[in-house]
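Written below as structure tokens is the structure these notes are about.
We count residues from 1, following the sequence as given.
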Amino acid sequence: MNAIPNQRHLYMGTFEAEAYWRDAQLASLPAIPDRASSAIVAAMDELLFSFCQPGDALLTRYAISPVHRQYIAQLGFRPAVNERDLTEGTEQAGNVSAASVFELLGSRKADTSTGFPQLEGCVLSPFAGLPHVEEAARAWGITLHQPPLETIRKVNAKTYSSDLKRSLGLRHPGYIVTSFADVAEAGRKLLRDGSFLIKDDFGVSGKGNLHITSTQMLDRIVSYLRGQERKGKRVLFLLEPFLEKEQDFSCQFTIGDNGSVDILSVQWLANTQFAYRESLSPDQAFMERLEREGYFRLMQDVGKQLYQDGYYGDVCIDSMTLRGGKLEPIIEINARKSMSLIKHQLDTFLAGKNMRGTLTNYSLSHDGSLSYEELLEGLEREGLLFTGEREEGVMPLGANTLYVNTGGRDGENRNAGPKSTPSRSTTERGGRSSAKQVRVSGISSGDGPSVSGGPEGVARGKGRLYLELVAAGDKEKMRLTTKLEHFLAEHHFTVLN
């Protein structure tokens, strides 16, 4: 996966990169702000440990929990990491700034104080190319190996995917619309044959998509966009017929700087309301079908076109099968790393142990009273924790996404709440002072704090536990899932997804 072999690599990135590519002058679709979810996304960069080889560095927005560092070290992942938050001194409690990790790193002007690994000479391997990468590289002596930012932005646009589908003669390229009047006209045409989707040019993971099912709904959106256009905003959306899908899947490949296209994996996807839920490996029959129907030849052609347009690096193509059996090979192009590529990295790790897994996540409401250390200890006691030696188990992929909305990111700053296991000092095993930690309340889809009916009515926040379920087959996976969900319920976590 390393763009330049035999050199030390630096992995870092801000997920939902599309927000940084989007022109601020573009009109937007209506959306409900979700500050709690934004805080979770800001902490997802800890999952990038899965790419790290011996000697590599991993910088994350919030310093990785020392307890989690110890856990992944036992599995063989030992990247050099930052022991201080990149946000230290820049974010106030209750707010996640819009700054990407590259902007935060660049603003430190080669900070030589303790808490940061040696970065000079590292080759950057980002989750996605974003603004401020060049400034950060200059400040810290990091080597860049990526296309120009404008190229990255161009090939990630939904309109680029649409144009590419049209040039390849594929079905459903959609309508590119540039005014509220275009939306009304194209929308009414699409509604004659069924419902349709309005897609923001840089929408992501459940945001920036609207499913339009009636002329009344279309009229409301047109009116909403008309108001923005009159205020000087530019309209640019992609309208596509809503397809009755059978199965989402994606293909991951890399484009070398010489134009070579290396297909890495295919992953089945489970999505909820257009948002990512889990990745799992397809069966052999499905892979043979893709080969028969020319899917991989098409992926090679897409890679060659991306290279001709100036792009090289990681690519994830979203695809689906439709009810009735047809294949829809290109839904959109993501010229960056992806959750499915992280799944591929974990597949590679497990394959070395003759094991297999599923990458999934649980959105959870909890009060932060159970520390991450206690969580791991509880999973271990129940025989659930994957240790690298067991043939199956739960492999947690991070702590920050679980605790960022509950008064601390490793359980150090606990709310008073029910305790189900004895507490051992988290400070003793690497707990950090929480004085400068970001605290964002909220479980609802709004901006405010949430109080939920726990046993003592304590404030609860939304967290997300990313994990790999390591199991030999579907039967074993189901048994493992059932045991895990019982464990979560017993420890006062409420599953939201």
Taking atom types as modelled, find out whether [X] and [Y] have a side-chain donor-acceptor pair closer than 3.5 angstrom.
X: S65; Y: Y403; result: no
X: K233; Y: S28; result: no
X: S37; Y: K462; result: yes
X: N400; Y: H68; result: no
X: Q247; Y: T321; result: no
X: E16; Y: T14; result: no

Next on the checklist: Could you walk me through whether Q252 and S265 satisfy the side-chain hydrogen bond (donor to acceptor under 3.5 Å, both in side chains) test, starting with their C-alpha distance in whole Å, then the side-chain angles of each, then the deciding distance to 0.1 Å, before giving a yes or no?
Outcome noted: CA-CA 5 Å; Q252 293 70 52; S265 77; 2.6 Å; yes
Next on the checklist: Counting only heavy atoms not in E246 (residues, nucleotides, ligands), do more than 12 fall under 6.0 Å from its CD?
Outcome noted: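 More than 12 within 6.0 Å, yes.
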Any heavy-atom pair between the side chains of [Y] and [X] that's under 4.5 Å?
X: V177; Y: I198; answer: no
X: L402; Y: L375; answer: yes
X: R336; Y: E18; answer: yes
X: Y312; Y: L306; answer: no
X: I342; Y: Y466; answer: no
X: V495; Y: L364; answer: yes
X: V155; Y: I333; answer: no
X: L397; Y: L346; answer: yes

Heavy-atom donor-acceptor pair, [X] side chain to [Y] backbone, under 3.5 Å:
X: T401; Y: I40; value: no
X: R8; Y: G55; value: yes
X: E328; Y: L322; value: no
X: D85; Y: T87; value: no
X: N209; Y: G203; value: no
X: S250; Y: D318; value: no
X: R153; Y: W21; value: yes
X: K165; Y: I330; value: yes
X: N405; Y: A36; value: yes
X: E468; Y: L359; value: yes

Taking all non-hydrogen atoms of both residues, which atom of [X] and which atom of [Y] are closest, and how far apart?
X: L119; Y: A57; answer: CD2-CB, 4.2 Å
X: R61; Y: A42; answer: CD-O, 3.5 Å
X: I221; Y: P30; answer: CD1-CG, 3.8 Å
X: L130; Y: S100; answer: CD1-CB, 4.0 Å

Next on the checklist: Before you tell me yes or no, could you show the steps for F349 and F77 under ring pair (Phe, Tyr, Trp, His ring centres under 6.0 Å), namely the whole-Å CA-CA distance, both residues' side-chain angles and the distance that decides it to 0.1 Å?
Outcome noted: CA-CA 10 Å; F349 165 72; F77 297 95; 5.1 Å; yes
Checklist entry - Taking it one step at a time, do L48 and F15 satisfy side chain to side chain contact (heavy atoms under 4.5 Å, CB included)? => result CA-CA 10 Å; L48 297 176; F15 285 49; 4.1 Å; yes
Next on the checklist: Run R108 and W140 through side chain to side chain contact (heavy atoms under 4.5 Å, CB included) and show every step you take.
Outcome noted: CA-CA 9 Å; R108 291 193 170 274; W140 289 81; 4.1 Å; yes
Quick one: pull up [atom1] in [X] and [atom2] in [Y] and give me the separation to the nearest 0.5 Å.
X: L86; Y: L59; atom1: CG; atom2: CG; value: 6.0 Å
X: F196; Y: R188; atom1: CZ; atom2: CZ; value: 9.5 Å
X: Q300; Y: S260; atom1: CD; atom2: OG; value: 9.0 Å
X: D56; Y: Q7; atom1: CG; atom2: CD; value: 11.0 Å
X: L467; Y: L47; atom1: CG; atom2: CG; value: 10.0 Å
X: Q267; Y: T358; atom1: CD; atom2: OG1; value: 9.0 Å

Checklist entry - Going through the checks in order, is the ring pair (Phe, Tyr, Trp, His ring centres under 6.0 Å) test met by Y160 and Y311? => result CA-CA 13 Å; Y160 177 88; Y311 182 79; 9.4 Å; no
Next on the checklist: side chain to side chain contact (heavy atoms under 4.5 Å, CB included), that's the test. Do E332 and L238 meet it? Break it down for me.
Outcome noted: CA-CA 11 Å; E332 60 188 51; L238 178 65; over 6 Å; no
Checklist entry - Can you list the steps and then say if I263 with C251 is a side chain to side chain contact (heavy atoms under 4.5 Å, CB included)? => result CA-CA 8 Å; I263 295 177; C251 180; 3.9 Å; yes
Next on the checklist: If we check side-chain contact (heavy atoms from CB on, under 4.5 Å) with L341, which of these qualifies: M339, K343, H344?
Outcome noted: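 The single option meeting the side-chain contact (heavy atoms from CB on, under 4.5 Å) with L341 is H344.
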Next on the checklist: Whether E185 and K189 form a salt bridge (side-chain N of Lys/Arg under 4.0 Å from carboxylate O of Asp/Glu) is what I want to check.
Outcome noted: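 So K189 pairs with E185 through a salt bridge.
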Next on the checklist: Does the structure place the NZ or CZ of K337 under 6.0 Å from the centre of the six-membered ring of F51, at an angle of no more than 45° from the ring's axis?
Outcome noted: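 Judged by the rule (NZ or CZ under 6.0 Å from the ring centre, within 45° of its axis), K337 counts as positioned above F51.
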Checklist entry - Hey, would you say the F102 and Y20 ring centroids sit under 6.0 Å apart? => result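 For F102 and Y20, the ring centres are not under 6.0 Å apart.
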